[in-house]
Amino acid sequence: MSWFSKKKESLNKSPNDMSPLEAVTYLCASIQLADGDINYEERKVWVSAVSKMFPEFSETRADKFLNDAHIALNTITGTDRLNYILDILNRVKTLLTDDQIKALGPKLSELIEADGMVMTSEMEIAKLIEDSLNISIVVDEDI
C-alpha cells in the first residue's frame, strides 16, 4: 500500500518547489474548489489568465498542474488547507513581479464570477488573497 502514500506525497507538492505557473494554478484551483463545484466557465477563465500571464506556457503542462492542484487541495482540509494556501500565496509573492501580482487581481475577480454565483467561501479566499498579496479583488456579490 505504500504506492498510495507516495502518490499522495507527490500531489501535495511543496509550494516552495512550485514554478510561477504552478503556483498561480494552485491559487486559482483553491478558488475553483471553494464552492465545491468546478465548471467549464471557471476553467476558461483560468486558461485565459495563465495564457496572458505566461504567454509561452504549455497547455498540457498547465492542465497537469490544474489536475494535481484539484487532487491535492481536495486531500487537505481545515487548518492544513488554509496553511497550504498561505504557503502558495507566499510562493506567488516570491516568484511574481509586482506588476504580475497586480494583474492577478482582475483575473481572480473574473474567476470568482465565472460560474454566475459568488459564494461566501470564494469571498473568504479572495479576502485572504487580498491581504496576502496586497491587491484588490472586486466582485459583484449580487450575481
Taking all heavy atoms of Lys64 and all of Asp68, pick out the closest pair and write down the distance. NZ-OD2, 2.7 Å

Minimum-distance pair of heavy atoms, taken over all atoms of Ile125 and Ala34: CD1-CB, 3.7 Å

Tell me the closest heavy-atom pair linking Ser30 and Leu73, and the distance in Å. N-CD1, 3.6 Å

Between Phe54 and Pro20, is any pair of side-chain heavy atoms under 4.5 Å apart? yes

Report the distance from atom CE of Met53 to atom CD1 of Ile101, rounding to the nearest 0.5 Å. 8.0 Å

What residue pairs, at least two apart or across chains, pass salt bridge (charged side-chain N to carboxylate O under 4.0 Å, His left out) with a residue in residues 15-29? Lys13-Glu22

Look up atom CG in Leu96 and atom CG in Leu133, then write down how far apart they are to the nearest 0.5 Å. 8.5 Å

Measure the CD1-CG distance between Ile31 and Leu108 for me, rounded to the nearest 0.5 Å. 4.5 Å

Hydrophobic cluster mates of Val138, side-chain heavy atoms under 4.5 angstrom, ILVMFWY only, any path? none

Assess the residue pair Asp140 and Val118 against the criterion (side-chain contact (heavy atoms from CB on, under 4.5 Å)); give the C-alpha distance rounded to whole Å, side-chain angles, the decisive distance to 0.1 Å, and a yes or no. CA-CA 8 Å; Asp140 181 359; Val118 177; over 6 Å; no

Is there any salt bridge (charged side-chain N to carboxylate O under 4.0 Å, His left out) pair reaching into residues 86-110, and which pairs are they, with sequence neighbours excluded? none

Say you draw a straight line from OG of Ser109 to CD1 of Ile135; how long is it, rounded to the nearest 0.5 Å? 8.0 Å

Just verifying a value: how many Å separate Thr94 OG1 and Met18 CE, rounded to the nearest 0.5 Å? 12.5 Å

Joint cluster assignment, Met119 & Ile38, ILVMFWY side-chain distance < 4.5 Å: no

Here the pair of heavy atoms bringing Ala29 nearest to Leu66 is CB-CD1, 4.1 Å

Where Val92 and Ala23 come nearest, the two heavy atoms and their spacing: CG2-CB, 3.8 Å

How far apart are the closest heavy atoms of Leu21 and Arg61, and which atoms are they? CD2-NH1, 4.3 Å

Sequence neighbours left out, what passes side-chain contact (heavy atoms from CB on, under 4.5 Å) with Asp80? Give chain and number order. Ile76

Using 0.5 Å steps for rounding, measure from the CG atom of Leu82 to the OG1 atom of Thr77. 11.5 Å

Sequence neighbours left out, what pairs pass side chain to side chain donor-acceptor pair (under 3.5 Å) with at least one residue falling in residues 122-139? Lys127-Asp131

Using a 3.5 Å cut-off and no angle test, enumerate the donor-acceptor pairs between side-chain atoms of residues 42-52 and protein atoms at least two apart in sequence or in another chain.
unit_1 : atom_1 : unit_2 : atom_2 : d
Glu42  : OE1    : Asn39  : N      : 3.2
Arg43  : NH2    : Asp63  : OD1    : 2.3
Arg43  : NH2    : Asp63  : OD2    : 3.1
Trp46  : NE1    : Thr25  : OG1    : 3.3
Ser51  : OG     : Val47  : O      : 3.0
Ser51  : OG     : Ser48  : O      : 3.0

